[in-house]
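This report concerns only the one structure given below.
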Amino acid sequence: MIDRPTESTLTLTLPDGSQRTVPAGTLPSDVVKSIGERLLQAAVAVEVNGAIQDLVTPLRASGTFRVLTDRDAPALDVLRHSAAHILATAVRRVRPDAKIGFGPAIDEGFYYDFEVAESFTPEDLSAFENEMRKVTAEKYPFVREEVSRAEAQQRFVDDPLKLERLSELGEDEIISTYTDGPFVDLCRGPHVPDTSRLKHFKLTHTAGAYWRGDSKRQMLQRIYGTAFFKKEDLDAYLTRIEEAKKRDHRVVGRQLDLFMMHPSSPGAVFWTERGTAVYNALNDFIRERQRDDFHEIKTPLLYNKDLWEISGHWGKYRENMFLVLDKETGEHDFSLKPMNCPSHYLLYQSKKHSYRELPLRYVTFDVLHRNELTGALSGLTRVRQFQQDDCHVFLREDQIKDEVHFLLRFILSYYETFGLTSNLKFATRPAVRVGTDDMWDRAESSLKAALEATGMKYELKEGDGAFYGPKIDFDVTDSIGRPWQLGTIQLDYSNPERFDLSYVGEDNASHRPVVIHRAVSGSLERFIAILIEHFAGAFPVWLAPEQVRILPITDDYRAYAEQVTKRLYDAGLRVHLDARAETLKYRVAEGARMKVPYMIVVGKREAEQGTVAVNVRGAGEKQKPNAVPLEEFLSRILEEHRTRALTLSAHARAAEA
RNA sequence: GCUGACGUAGCUCAAUUGGCAGAGCACCUGAUUUGUAAUCAGGCGGUUGCCAGUUCGAUUCUGGCCGUCAGCUCCA
């Protein structure tokens, strides 16, 4: 909402510290023009007191004043929002029946929602794109008007979606419209000066989207697109999308023969021998990491509904649970567990606990089932059957700060092993919640103190916490910059009540513990999907499904190759002998395609000297393999495996080490 | 679940205005025994996702179902 003017004369402070005094209601474009005519040509929008506005919205308050050009990041959103209007302008020309919804800028571009009788086709999309080019060529200025409610209702009489939005605007809000040529939209702006500012754009895809994001309401047709100031940026974006497609875990998973899906079990994964090797390597790593400070337990997969009634899932999430028929009652009174929490509580409360045992950390890697909507399933990233590295910590309230600090460090160092960096998000009390304000104050300040002790930056997400407590989420960024929400640390004051959890304190009285829910990988399935894409299939040795492939040049050296293979295999490595009667070229090419970290070629020289000629992944087609004594290679690769090194170095000669 | 698109050999893709379904790779056989990123030849391989309907005839058109994908919604 924009403030009504309260001053008659405004004082603007420019970035260089100089000041300008202008009458209230002056347009920013006039101020910019007074600074310089050329600046006006380059100006996209202005930042007044930290808020972005366009050049044609009257100034209403004194404060800092900064001109934004295409070099300023916030200007891109302005351009994209204008691109959405230009899209709507084009769509209205080609399909006059289209009713308009919303058209905002988003992270990677923009979209606009339309209500149409017939859905858009790919041909429509290219027609719209062509029409958009005409609109930009026509160089319509974006004309802002501030209008009365009655006037606005008149203008959008044919657009019911806009009228609905209009009816929600408060009495004292300024109602503004923006017009570019033939198209007028109810919009608060800001916009670029005219349609010719949009030069480099592309419509990418269409999809259905519920009006107001409400699945009970009608579905609109959404058109997505993107726009940039510079052609290089648009090209780079499109290239990045192509690259991302190449390393899509579903594509790489097939190429590397890691897993498959089958219609007989939608949303569940068949891991091949190679994929299972990756899965197990990851599992071993997680177990090893948690051997010292955690207690690994296993609990049943199937529970009767009594448990879910206590936990509250029966009422709220039954639709998403796999129910199992009970022969005795004839009802679907059993369910596969969709999460481990309640089973951990049951085990915890099966005996008395001393305050001395706390914090007590239960961790479980069991298989979980959630009956996700068919439309939500996607590769390994959204499945119905998965494994979580699920941990619940039972602790005293005064231990929260130290415990959160411990868990934070644990999770961050875990991601580091993979070369993944993460962003922290701190989510505070939501509007609908349980517990007293006093309790939330304590919980939030404990979490915050632990967060700040790390010295890391974090994003505050107010009101985004779980209903039972605040939380810290970990967004991991992969090698091409895409964010994934993985780990979480959630404080829970509600379930200890529901399950009547207790411990005996120093005072010999019964006390209520606090529970912390912690996940690191999220689901292992999804984590592996992220790793596949992060490494583009080129796993470090410790994760690689096949660590070494041995290629004898001819059958004459097969015996030596078998000897080498056995030596490496007996040392615990995942090795494979490829002694097929194919040419060496062919076998090398295939090994490279399968992204095997090391390929050992053995022939006369190696057999005579007891060495191996080591090809290393990523060194290219013309590499000159190093001849390394077998035992030296072995001890190096074992070290690389043991330390879970991210880079390959076992092929190096001793002299180079 | 909703909107839309898609489903052809193990994989990647052709073809069919409704009339005998094809290639490359993979696989099998044979030859080749190869010092570093696909050796040659031959062969196998398909109820064109499933079930109905229309038709002399359906892989093609229509409907339903299943699955996949892009989004929306959801994600304890």
Side-chain angles (χ1 to χ4, degrees), chain A residues 111 113 116 118-122 124-125 204-224 245 248 250-251 254-255 257 260-267 308 311-321 337-342 368 370-379 381-384 386 388 390 466-468 485 488 490 492 494-495 517 519 522-523 526 551-558 579-594 599-606 613-615 617 619-625 627:
Chain A
Y111 68 77
D113 286 342
V116 283
E118 305 255 316
S119 298
F120 299 133
T121 65
D124 288 332
L125 216 58
T204 51
H205 56 286
T206 62
Y210 297 110
W211 170 234
R212 309 309 290 270
D214 183 347
S215 60
K216 291 182 186 67
R217 305 201 61 176
Q218 75 265 44
M219 187 155 266
L220 309 179
Q221 294 298 309
R222 176 171 296 177
I223 299 177
Y224 285 93
K245 273 186 196 159
D248 184 317
R250 291 164 299 198
V251 174
R254 186 179 298 116
Q255 285 167 351
D257 188 28
M260 71 143 190
M261 312 291 263
H262 194 277
S264 289
S265 187
W308 308 118
S311 70
H313 290 93
W314 194 254
K316 212 171 167 188
Y317 292 106
R318 187 173 29 182
E319 296 292 302
N320 289 325
M321 304 206 300
K337 65 178 170 187
M339 29 106 82
N340 295 302
C341 324
L368 303 177
R370 294 182 184 180
N371 198 355
E372 304 288 358
L373 293 174
T374 51
L377 300 177
S378 177
T381 54
R382 193 73 184 275
V383 289
R384 285 182 173 153
F386 58 97
Q388 247 184 9
D390 204 3
F467 72 91
Y468 47 72
Q485 208 244 292
T488 188
Q490 305 181 358
D492 184 350
S494 167
N495 278 303
H517 303 248
S523 90
R526 194 167 65 125
L551 314 175
I553 289 171
T554 72
D555 266 350
D556 293 342
Y557 312 105
R558 189 182 180 124
R580 289 176 297 172
E582 301 287 350
T583 60
L584 184 60
K585 275 177 184 291
Y586 178 88
R587 287 176 289 152
V588 167
E590 191 185 84
R593 250 196 336 268
M594 297 304 281
M599 268 187 287
I600 284 176
V601 173
V602 294
K604 187 158 182 280
R605 289 199 295 271
E606 289 75 20
V614 186
N615 292 263
R617 183 185 64 207
E621 299 189 7
K622 297 290 174 243
Q623 65 177 287
K624 297 269 185 290

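Order of the sequence lines fixes the chain letters, A, B, ..., with proteins taken first and strands second; residue numbering starts at 1 for each chain.
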Starting from [atom2] on [N], measure out to [atom1] on [X] and report it in whole angstrom.
X        : N     : atom1 : atom2 : value
A/Lys585 : B/U33 : NZ    : C1'   : 15 Å
A/Lys604 : B/U33 : NZ    : P     : 18 Å
A/Tyr586 : B/C40 : OH    : P     : 11 Å
A/Asp555 : B/U33 : CG    : C1'   : 7 Å
A/Arg384 : B/C66 : CZ    : P     : 11 Å
A/Arg558 : B/U34 : CZ    : P     : 16 Å
A/Arg587 : B/U33 : CZ    : P     : 13 Å
A/Asp113 : B/U3  : CG    : P     : 16 Å

May I ask which nucleotide in the shown strands pairs with [N], Watson-Crick or G-U wobble, both distances under 3.5 Å?
N     : value
B/C25 : B/G10
B/C40 : B/G30
B/G71 : B/C2
B/C65 : B/G49
B/G19 : B/C56

Please give me the minimum heavy-atom distance between [X] and [Y], naming the atom from each residue.
X        : Y        : result
A/Val383 : A/Glu372 : O-CG, 3.7 Å
A/Ser264 : A/Pro266 : C-CD, 3.7 Å
A/Arg384 : A/Asn371 : NE-OD1, 3.3 Å
A/Arg587 : A/Met599 : O-SD, 4.3 Å

So [X], base contact, sugar-phosphate only, or nothing? Heavy-atom distance under 4.0 Å.
X        : result
A/Gln388 : nothing
A/Glu582 : base
A/Lys624 : nothing
A/Gly312 : nothing
A/Lys316 : nothing
A/Ser119 : sugar-phosphate

Return whichever of A/Gln221 or A/Val614 has its heavy-atom-nearest nucleotide of RNA chain B closer to the 5' end.
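This one resolves to A/Gln221.
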Here's a test of your reading of the structure: between A/Gly379 and A/Gly620, which maps to the more 5' nucleotide of RNA chain B?
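So the residue in question is A/Gly620.
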Stepwise ring-ring contact (aromatic ring centres under 6.0 Å, His included) test for A/Phe120 and A/His205
CA-CA 10 Å; A/Phe120 299 133; A/His205 56 286; over 10 Å; no
Can we say A/Asp248 and A/Arg250 salt-bridge, meaning some charged N sits less than 4.0 Å from an Asp/Glu carboxylate O?
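Salt bridge present between A/Asp248 and A/Arg250.
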Hey, is A/Lys585 close enough to A/Glu621 for a salt bridge, meaning N to O under 4.0 Å?
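No, A/Lys585 and A/Glu621 are not salt-bridged.
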Nucleotide nearest [X] (side chain, heavy atoms from C-beta), chosen from [options]:
X        : options             : value
A/Ala613 : B/C27, B/G67, B/U36 : B/U36
A/Ile553 : B/U34, B/G67, B/A37 : B/U34
A/Pro625 : B/G67, B/U36, B/U39 : B/U36
A/Thr554 : B/G35, B/U33, B/G67 : B/U33

Go through the side-chain N and O atoms of [X] and [Y] and say whether any donor and acceptor fall under 3.5 Å apart.
X        : Y        : answer
A/Arg222 : A/Tyr224 : yes
A/Asn340 : A/Asp390 : yes
A/Glu606 : A/Tyr557 : no

Given protein heavy atoms under 4.0 Å, the one-letter contact record of nucleotides 41-50 of chain B, with B base, S sugar-phosphate only and - none, is simply ----------
For nucleotides 70-76 of chain B, just jot down a letter per nucleotide in 5' to 3' order: B, S or -, based on protein non-hydrogen atoms under 4.0 Å.
SBBBBBB
[atom1]-based separation of [M] from [N] [nearest Å]:
N     : M     : atom1 : answer
B/U55 : B/A23 : C1'   : 32 Å
B/A37 : B/U29 : P     : 27 Å
B/C50 : B/G67 : C1'   : 10 Å

side-chain hydrogen bond (donor to acceptor under 3.5 Å, both in side chains) against A/Gln388, all qualifying residues, sequence neighbours excluded
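If we apply the side-chain hydrogen bond (donor to acceptor under 3.5 Å, both in side chains) test to A/Gln388, skipping adjacent residues, there are no hits.
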Distance-only donor-acceptor test, A/Arg593 side-chain atoms vs B/A37 base atoms, 3.5 Å:
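Under the 3.5 Å cut-off, the side chain and the base do not form any donor-acceptor pair.
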Do the side chain of A/Gln623 and the main chain of A/Gly620 share a donor and acceptor less than 3.5 angstrom apart?
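Checking the backbone N and O of A/Gly620 against the side chain of A/Gln623, a donor-acceptor pair under 3.5 Å is found.
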